[in-house]
Amino acid sequence: HPRVELLDVLGVMKQLEFFGESSLEGDDTGAVGASSATQFIFKRGDSLWQDLGTLLLLREMNVLWGEAGAPAFVQTYRVWPTGERAGFIEVLQNATPVRDAEFAYSSSLHNSAVGAFTAGLVLGLADRHQDNMLLVGPPHAQVFGHIDFGYVTGARPWFDANLLPVPERFMRCLSAAGKWADFVNDVAFAFAVLQKGRAQLCAVASVFAEPVSRAGYPAYIDRCLTSH
């Protein structure tokens, strides 16, 4: 398969020490809790191509927000599909599903949630139950993150939350810290930054994300950013 050949060119398989749970002496990706030996798991049964395309777009959003000085970022991680329904997924260290987590306000929690919820709206991320949202890192520097991108661009399971599925406990945490209004304003600013960078984001979607994911990202992103 041509997409597998592309990954082979990138030397993905040569970097992995063994299959299954694996260690990789990786470069610094900015992931919270990352160490010199990044852990990977091998997943079989689900396609990771859509995850790969989605993560490419999340990284591009981080670039746009960074250039604009926006208080927003998205926690990302690496995936390497090795076939149509198998591949490697980077393990986020010190990660807890939101369902089991206790929120503690910090700037990292605030800014990462701004990015996560803004990105979720623009990309149409669905199936955002509280096992697919994580808190990563220590309590004093929690980072909010999404995983599992099986439903995007408006595709949804039969029972789902809305496209801004803010957990009630998160809202109470920010309200107690006197930061809820700031959070809402920061989401609006992060969205405006993506609107300004729409052409750049749609170009990345067309050239890089869509060939591997075939999710309809270019049209969906364009429609979202021009209709609000």
Side-chain angles (χ1 to χ4, degrees), residues 30 50-51 53-77 98 103 105-130 132-136 142-149 151-156 160-175 177-210 213 215-228:
Q50 192 159 279
D51 295 63
T54 302
L55 286 159
L56 287 170
L57 290 167
L58 294 179
R59 291 188 178 97
E60 182 60 24
M61 290 181 181
N62 281 342
V63 171
L64 293 172
W65 288 325
E67 290 175 346
F73 71 93
V74 185
Q75 171 72 51
T76 62
Y77 55 93
V98 164
F103 291 98
Y105 183 81
S106 65
S107 61
S108 59
L109 175 65
H110 183 116
N111 294 353
S112 60
V114 169
F117 290 116
T118 306
L121 177 65
V122 173
L123 300 182
L125 301 185
D127 198 25
R128 294 299 91 198
H129 58 77
Q130 294 192 9
N132 279 345
M133 297 186 287
L134 304 179
L135 289 187
V136 186
Q142 293 173 326
V143 168
F144 192 101
H146 289 303
I147 60 169
D148 194 349
F149 305 111
Y151 291 91
V152 301
T153 64
R156 309 181 77 171
D160 198 20
N162 58 43
L163 292 179
L164 280 172
V166 179
E168 184 178 350
R169 288 178 295 122
F170 172 80
M171 182 178 180
R172 289 202 302 264
C173 173
L174 267 65
S175 296
K179 295 293 186 179
W180 178 251
D182 290 342
F183 173 77
V184 173
N185 289 333
D186 290 341
V187 168
F189 179 42
F191 187 84
V193 170
L194 298 185
Q195 286 182 310
K196 184 177 180 180
R198 176 175 59 88
Q200 184 174 332
L201 188 60
C202 287
V204 172
S206 297
V207 176
F208 296 105
E210 194 62 18
S213 65
Y217 266 135
Y220 188 92
I221 293 169
D222 185 71
R223 184 166 60 251
C224 179
L225 294 176
T226 55
S227 63
H228 290 81

K.L.:
What closest approach, in Å, do Gly53 and Ser213 show between heavy atoms, and which atom pair accounts for it?
P.N.:
CA-CB, 4.3 Å

K.L.:
Can you list the residues that meet the side chain to side chain contact (heavy atoms under 4.5 Å, CB included) rule with Asn132, with sequence neighbours excluded?
P.N.:
Asp127, Arg128, His129, Ile147, Asp148

K.L.:
Tell me every residue that passes side-chain hydrogen bond (donor to acceptor under 3.5 Å, both in side chains) with Arg59, counting only those two or more places apart in sequence or in another chain.
P.N.:
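With sequence neighbours excluded, Arg59 shows a side-chain hydrogen bond (donor to acceptor under 3.5 Å, both in side chains) to no residue whatsoever.
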
K.L.:
Return yes if some donor-acceptor pair links the side-chain N/O of Asn62 with the main-chain N/O of Val74 below 3.5 Å, else return no.
P.N.:
yes

K.L.:
Is the shortest heavy-atom distance from the side chain of Val136 to the side chain of Tyr77 under 4.5 Å?
P.N.:
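Side chain of Val136 against side chain of Tyr77, heavy atoms only: no contact under 4.5 Å found.
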
K.L.:
Which residue pairs satisfy the salt bridge (charged side-chain N to carboxylate O under 4.0 Å, His left out) criterion with at least one member in residues 192-201, sequence neighbours excluded?
P.N.:
Arg198-Asp222

K.L.:
Got a sec, which residues hit salt bridge (Lys or Arg N to Asp or Glu O under 4.0 Å) with Arg172, two or more places apart in sequence or on another chain?
P.N.:
Glu168

K.L.:
Can you name the side-chain hydrogen bond (donor to acceptor under 3.5 Å, both in side chains) partners of Glu67, sequence neighbours left out?
P.N.:
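By the side-chain hydrogen bond (donor to acceptor under 3.5 Å, both in side chains) rule, Glu67 matches no residue at all.
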
K.L.:
Please check this pair: side chain of Gln75 against backbone of Ser112, looking for a donor-acceptor N/O pair closer than 3.5 Å.
P.N.:
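Looks like no, no N/O pair under 3.5 Å.
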
K.L.:
According to ring-ring contact (aromatic ring centres under 6.0 Å, His included), who are the partners of Tyr105, at least two apart in sequence or on a separate chain?
P.N.:
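For Tyr105, the residues satisfying ring-ring contact (aromatic ring centres under 6.0 Å, His included) (neighbours in sequence not counted) are His110.
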
K.L.:
Of all residues at least two apart in sequence or in a different chain, which pass the side chain to side chain contact (heavy atoms under 4.5 Å, CB included) check with Ala190?
P.N.:
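Expected list: Trp65, Ala72, Val114, Thr118.
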
K.L.:
Working to the nearest 0.5 Å, report the span between CZ of Phe170 and CG of Leu135.
P.N.:
9.0 Å

K.L.:
For the pair Phe144 and Phe117, name the ring-plane relationship: parallel under 30°, tilted 30 to 60°, perpendicular over 60°.
P.N.:
tilted

K.L.:
Looking only at heavy atoms, what is the nearest atom pair of Pro71 and Asn111, with distance?
P.N.:
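Result for this residue pair: O-OD1, 3.4 Å.
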
K.L.:
What residue pairs, at least two apart or across chains, pass salt bridge (charged side-chain N to carboxylate O under 4.0 Å, His left out) with a residue in residues 112-122?
P.N.:
none

K.L.:
Side chains of Leu109 and Val143: does their closest heavy-atom pair fall under 4.5 Å?
P.N.:
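Not in contact.
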
K.L.:
Which atom names give the shortest non-hydrogen contact between Ser175 and Trp180, and what distance separates them?
P.N.:
OG-CB, 3.7 Å

K.L.:
How many angstroms lie between atom CD1 of Ile221 and atom OG1 of Thr226, to the nearest 0.5 angstrom?
P.N.:
11.5 Å

K.L.:
Would you be so kind as to tabulate the donor-acceptor pairs closer than 3.5 Å made by side chains of residues 201-210, with sequence neighbours excluded?
P.N.:
unit_1	atom_1	unit_2	atom_2	d
Ser206	OG	Cys202	O	3.0
Glu210	OE1	Gly216	N	3.1
Glu210	OE1	Tyr217	N	3.0
Glu210	OE2	Ala215	N	3.2
Glu210	OE2	Gly216	N	2.8

K.L.:
Just jot down the side-chain hydrogen bond (donor to acceptor under 3.5 Å, both in side chains) partners of Gln200, sequence neighbours excluded, or say none.
P.N.:
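Applying side-chain hydrogen bond (donor to acceptor under 3.5 Å, both in side chains) to Gln200 gives Glu60.
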
K.L.:
Stepwise, does the side-chain contact (heavy atoms from CB on, under 4.5 Å) test hold for Leu125 with Tyr151?
P.N.:
CA-CA 6 Å; Leu125 301 185; Tyr151 291 91; over 6 Å; no

K.L.:
Show the nearest heavy-atom pair for residues Leu134 and Val98, with the distance to one decimal.
P.N.:
N-CG2, 3.9 Å

K.L.:
Less than 4.5 Å apart, side chain to side chain, heavy atoms only: is that true for Leu123 and Met61?
P.N.:
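Yes - at least one pair of side-chain heavy atoms lies under 4.5 Å apart.
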
K.L.:
Restricting to pairs with a member in residues 108-121, which pass salt bridge (charged side-chain N to carboxylate O under 4.0 Å, His left out), not counting sequence neighbours?
P.N.:
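The answer is none; no pair qualifies.
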
K.L.:
If the condition is side-chain hydrogen bond (donor to acceptor under 3.5 Å, both in side chains), which residues does Thr153 pass it with, not counting sequence neighbours?
P.N.:
none

